Amino acid sequence: MKKTLLALAAIAASSAAFAQSSVTLYGVVDASLESVKGDDTVTRVSSDNLASSRFGLKGTENLGNGLKANFVLESNMKMDTGANGGGSTRFFDRAAWVGVAGGFGELRLGRQDTSIGLLAGNSSILGAQGYDDLKIAKTFSGDGYRRTDNAITYILPKFVDGLSAQVQYSTAAGSSGTVGTENNDKIGSHYGLNVQYAASGFSAGLGYIQAKNSNTVDDTGLLAYLGYDFGVAKLSGYFEQDKRDGMAEKLQVLGARVDVPFGKDFKLQASVAQVKDQEMTANNEDDATIIALKGVYALSKRTSVYALFTNVKNDDQVKLNVGQSVADGKTARGFAIGLSHKF
């Protein structure tokens, strides 16, 4: 009888422990048929055009006293080939971090979005997919410093409704450079921060990063946006400036976007962006203009069909493109129709 009671008590205690924690499998599958024009015109099945296809595991455990342990493991996958998007050297290429949260805020350790990549990667704010200007322009937020390894991120508690902020440092020790070089352990390291505010239809954000590109060269990126939702339409403006030591000019992207809902199921988005000094050189022929249209129709809460169009007009010394190489000064464009499902 005692053994039975002890066994029941153990089961009850185990059940209570599991009730305090949870692990969730989640993801996105996104595939489209696209036609992209560069030096040649190519029609193909493609992946990740509206959202990055991925699967992930996220979990949380209640530690008591207002503390929780959290983790996220997330991997990109290509719907056109089934390949892992992170390549052969990394599996959880999108995220791999563990953290603890409480009244003090949250502390995370591992691979994460950078302070500017967090803003660019949020499609409700900007966007960093293949048809989006921050990705096409090869900005720090959309491309070079989209995510980071070896990161320490502190997310501040929310003192004001709608206000969020974080600071971040990446050790990136030994990520590049020649062994034995002075300060080699600093190459790839960076620090950054971001602040966002959203309330009553108004939204604004600012992100900053400074990274050690080499022993003598630093990269500095600044990304800011403003938006207001009028109900019938949401207007947004954004600006990014990227600087690399030793380069004559700064890469700048100035853009504007309008999002218009038609009923509760269909949304249309149009944007235009001017890319200035994309090559960061002192000539007057390295600018580009990017125009994009996006329409998304929700079949359900989880499944949407979409159509995308992006046109890139390059100056003589620029060859920005939509996933298909193009010669300097030539116009590039892409058109895609696809299906995206969240699980």
Side-chain angles (χ1 to χ4, degrees), residues 90 93-97 99 105-122 125-128 132-156 163-179 181-197 204-226 237-255 273 275-282 286:
R90 70 169 82 227
D93 55 312
R94 290 180 55 85
W97 59 262
E106 184 173 8
L107 181 66
R108 297 176 179 176
L109 303 176
R111 179 167 173 80
Q112 304 163 57
D113 291 343
T114 65
S115 53
I116 56 175
L118 182 68
L119 305 185
N122 187 337
I125 300 173
L126 297 172
D132 293 326
D133 47 26
L134 294 179
K135 181 71 172 180
I136 292 171
K138 304 184 187 303
T139 63
F140 289 165
S141 69
D143 194 57
Y145 293 101
R146 174 68 181 83
R147 297 181 177 87
T148 181
D149 297 336
N150 303 310
I152 305 165
T153 303
Y154 172 56
I155 302 171
L156 279 67
L163 181 65
S164 62
Q166 70 174 44
V167 293
Q168 186 179 74
Y169 177 74
S170 171
T171 62
S175 62
S176 59
T178 303
V179 175
T181 303
E182 183 182 0
N183 296 326
N184 178 62
D185 61 337
K186 298 295 184 181
I187 296 175
S189 64
H190 77 259
Y191 62 86
L193 59 88
N194 69 45
V195 180
Q196 297 184 78
Y197 179 75
L206 176 69
Y208 174 83
I209 190 172
Q210 182 168 325
K212 181 68 68 175
N213 183 282
S214 71
N215 288 327
T216 58
V217 175
D218 284 353
D219 289 339
T220 304
L222 177 71
L223 176 61
Y225 72 89
L226 286 171
Y238 49 97
F239 174 76
E240 177 160 349
Q241 178 173 280
D242 298 339
K243 178 181 179 294
R244 176 164 290 165
D245 288 349
M247 302 301 290
E249 298 292 342
K250 304 169 184 176
L251 165 63
Q252 295 181 335
V253 178
L254 179 63
V275 183
K276 182 176 174 57
D277 298 318
Q278 198 277 330
E279 299 290 331
M280 297 187 184
T281 57
D286 59 349

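Not measured: the values here are computed from a predicted model.
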Answer whether the closest heavy-atom distance between the side chains of [X] and [Y] falls below 4.5 Å.
| X | Y | result |
| --- | --- | --- |
| Y169 | H190 | no |
| E240 | F140 | yes |
| D133 | V275 | no |
| D277 | L251 | no |
| E249 | T281 | no |
| I125 | Q196 | yes |
| I209 | T220 | no |
| L223 | L126 | yes |

For [X] versus [Y], what's the shortest heavy-atom pair and its separation?
| X | Y | answer |
| --- | --- | --- |
| G142 | A128 | CA-CB, 4.2 Å |
| Y238 | A273 | OH-CB, 4.2 Å |
| G207 | I116 | C-CG2, 3.5 Å |
| Q166 | S115 | NE2-CA, 4.1 Å |
| T114 | Y145 | OG1-O, 2.6 Å |
| L119 | L206 | CD1-C, 3.8 Å |

Supply the atom-to-atom distance [X] [atom1] to [Y] [atom2], rounded to the nearest 0.5 angstrom.
| X | Y | atom1 | atom2 | answer |
| --- | --- | --- | --- | --- |
| D242 | K138 | CG | NZ | 13.0 Å |
| Y197 | L163 | OH | CG | 8.0 Å |
| Q112 | W97 | CD | CH2 | 7.0 Å |
| T139 | Q241 | OG1 | CD | 12.5 Å |

Kindly indicate, with the supporting measurements, whether the criterion side-chain contact (heavy atoms from CB on, under 4.5 Å) is fulfilled by M280 and K250. CA-CA 5 Å; M280 297 187 184; K250 304 169 184 176; over 6 Å; no

Is there a side-chain contact (heavy atoms from CB on, under 4.5 Å) between I187 and N215? Walk through the geometry before answering. CA-CA 6 Å; I187 296 175; N215 288 327; 3.4 Å; yes

Output, in order, the C-alpha distance, side-chain angles, deciding distance and verdict of side-chain contact (heavy atoms from CB on, under 4.5 Å) for T153 and I155. CA-CA 6 Å; T153 303; I155 302 171; 4.2 Å; yes

Taking atom types as modelled, find out whether N194 and Y208 have a side-chain donor-acceptor pair closer than 3.5 angstrom. no

Just by distance, no angles: are the side chains of Y191 and Q210 close enough, under 3.5 Å, to form a donor-acceptor pair?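 Yes, a side-chain donor-acceptor pair sits under 3.5 Å.
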
Strictly below 4.0 Å, N to O, side chains only: are D149 and R111 in salt-bridge contact?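 Judged by the 4.0 Å cut-off on N to carboxylate O distance, D149 and R111 do form a salt bridge.
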
Does K212 come within less than 4.0 Å of D218, counting only side-chain N to carboxylate O? yes

Checking D113 side chain against R147 main chain: does a donor-acceptor pair fall under 3.5 Å?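 Checked: no pair found.
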
In sequence, state the C-alpha distance, the side-chain angles, and the governing distance for R146 and K135, and then conclude on side-chain contact (heavy atoms from CB on, under 4.5 Å). CA-CA 9 Å; R146 174 68 181 83; K135 181 71 172 180; over 6 Å; no

Among all residues two or more places apart in sequence or in another chain, which pass the side-chain hydrogen bond (donor to acceptor under 3.5 Å, both in side chains) test with S170? T148

